Amino acid sequence: MSASPSLYVDRETFLHRLNARSKLALITGVFVAAYVFGDPRWVFVPLAATFLALVAVGGWPNFKRLSFIVVALFLIGFAVWPAFTHGGGAPLLETPLGTLTEREVLFALGRSERIAAFIVGGLLFVTTTSNEEIVAGMRSLGLPYAFCFAVGTALRLFPTFLGSANTVRQAQAARGHEPGGRNPVTLLRSYIPLMIPVFMTAIRNVQTQAMALEARGFDTRGERSFYNKQPFTAADWATAGFGIALAVGAIALRLQGYGTV
Amino acid sequence: MRELVTMWRDTRMIMLVAVVAAVYVALLIPFAGFVIIPGITAVRPGNVIPVIFGLMFGPAAAWGSAIGNLINDIFAGQFGPGSAFGFVGNFFFGLIGYKLWGNLGPLSSNVEPDFRERPVRQFVEFVLIAVAASAVCAAIIAWGLELLGLFPFSVLGTIIFLNNTIAALILGPPLLYLTYPRIKSMGLLYPDLLHADDLPEAGATRAQTAAVGLLLVAIAWLAVGIAISLGLQDVPFAADQAETFGEGGATLQIALGAIAFLIVLGLTAISGERLSKLLG
């Protein structure tokens, strides 16, 4: 089995100790604040706050690992959005293709910061919440047990299949098969000998795993208990309240006309 | 549509959901395929999973694809408000296959999707299904991210549609040819697992109307959405992108998406499936 590629960082911080539900409420508040404002100076506040929190909880290695994606999405958004909004304000750049105005730049910057805030906010959540806590949190939010069980099982199985995929890749390479080719069709077709063993190994286990579950009295309709039950403490109530206040405050400020380009 | 709920009563269907989700993630992460924009998008071989598993595992593949995409977002560091639309988009990516196979009237091959009998007609039917499934997935995600004001519809809609369609068209037929008979002999096709009264009850005419409607609405939603996003002159719906819904996406785009999504939901609700009858 390969090591789990989880982004969870096992630390003893305030955010780590919180219940998954209160963290979700907090992060929703951050998302709403990043969503309702368009002015990059206003969007920068939730972005900077989540980034600082991420670093504080030990998520810097995660951010470094994904920084390429964050930067790429930021730049793509910044390049694309001026073409999809109207101009305004002072012209900043005049080219034969058109003029780039101050409003277009601010609009695009705000949108790119929003993308970054969403990614960093999500990263903060998965850095401080283990897979088991995510599943238990989903259950305590009222999602059906069978659904939570499927998510939990998929989270447990996927590193195994990831390991199988890598083993199959190495085995096929030892036989002289390496996926590749400049033509995308050839490249994609070269993956078929790798995918079939992964599929069939995975699917072959469905019957036996289902029988093993039923032999242990698996029933999705009964009330379930969790070994690792997280209490909803006063700190959780305060955090959830802060998240809701953040969302309501951001919407109220936006309705008053703040934070727009 | 009832089978999407009742399948959760069957242990093997639940295990299939988990396995489809896990295989989807396991193949999305290590096999990055043909990179189009570094860090943003690549033609991934894993994108074939929802389409071919949808044909074989029906509702389990729809849920599995949705959960697999959510887990991929969590592990790829892209978990956020957009993940909700990724969940719904991938759910329909896996759902369309079994709703359409055999229900496309003269365009259907009327045989099991194993590419042994009438391979050319099966390929035509598979192409239509891959295009419809990719289009509805792309339209839902692009609409959602436009609603969130993250990317214009035309940017993501085009990229997701091409990624999904190319992977499904190139890898789908050979993978079905090689895996379908084995999975059938294991007794894991969805008509073998679901109770007969859990399968959707729809007459041939209604099932065909719903399937053709899903195909047309999926393609039309994506095409019109891209046209609106680009502000094409000759498109009657062409909108000023400055007309925004709050600070999210263009109002017209959001309205079109809401209507198209309701139609897709309605057609899904009245649709049937055909594989159980083809199996006899």
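Residue numbering restarts at 1 for every chain, and letters A, B, ... go by the order of the sequence lines. Remember, predicted model here, so these are calculated numbers, not experimental data.
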Residue pair [X] / [Y]: nearest heavy atoms and the distance that separates them:
X	Y	value
B/Gly149	A/Tyr35	N-CE1, 4.4 Å
A/Ile203	B/Met186	CG2-SD, 4.1 Å
A/Ala154	B/Ala18	CB-O, 3.6 Å
B/Ile67	A/Ala150	CD1-CB, 4.3 Å

Distance, nearest 0.5 Å, that separates [atom1] of [X] from [atom2] of [Y]:
X	Y	atom1	atom2	result
A/Ile134	B/Leu70	CD1	CG	8.5 Å
A/Tyr191	B/Leu171	OH	CG	10.0 Å
A/Ile115	B/Phe151	CD1	CZ	3.5 Å
B/Arg12	A/Glu214	CZ	CD	7.5 Å

(request) Go through A/Gln209, A/Arg204, A/Gln207, A/Met200 and name the one with the most non-hydrogen pairs under 4.5 angstrom from chain B. (result) A/Gln207
(request) Using a cut-off of under 4.5 Å on heavy-atom pairs, state which of A/Val206, A/Val80, A/Leu157 scores highest against chain B. (result) A/Val206
Quick check: do [X] and [Y] have side-chain heavy atoms less than 4.5 Å from each other?
X	Y	result
A/Met195	B/Val48	yes
A/Ile192	B/Leu178	yes
A/Phe199	B/Leu175	yes

Using heavy-atom distances under 4.5 Å, tell me whether [X] contacts chain B through its side chain, its backbone, both, or neither.
X	result
A/Phe149	side chain
A/Leu213	side chain
A/Val151	both

(request) Mark yes when over 12 heavy atoms from residues, nucleotides or ligands other than B/Arg2 sit less than 6.0 Å from its CZ; otherwise mark no. (result) yes
(request) Tell me, yes or no, whether the heavy-atom count around B/Tyr177 atom OH, taken from other residues, nucleotides or ligands under 6.0 Å, exceeds 12. (result) no
Under a 4.5 Å heavy-atom cut-off, does chain A meet the side chain of [X], its backbone, both or neither?
X	value
B/Ile170	both
B/Leu193	neither
B/Pro174	side chain
B/Ser154	side chain
B/Leu169	neither
B/Phe53	side chain
B/Val23	both

(message) I'd like to know if the side chain of A/Trp81 reaches the main chain of B/Leu150, judged simply by a donor and an acceptor atom lying under 3.5 Å from each other, with no hydrogens or angles considered.
(response) yes
(request) Return the option, out of B/Ile183, B/Leu188, B/Val17, B/Val20, with the maximum number of heavy-atom pairs under 4.5 Å with chain A. (result) B/Leu188
(request) Please state whether the rings of A/Phe147 and B/Trp63 are parallel, tilted or perpendicular, taking 30° and 60° as the class boundaries. (result) perpendicular
(message) Show me the pairs that pass ring pair (Phe, Tyr, Trp, His ring centres under 6.0 Å) and involve residues 110-129 of chain A, at least two apart or across chains.
(response) A/Phe31-A/Phe118, A/Phe125-B/Phe79
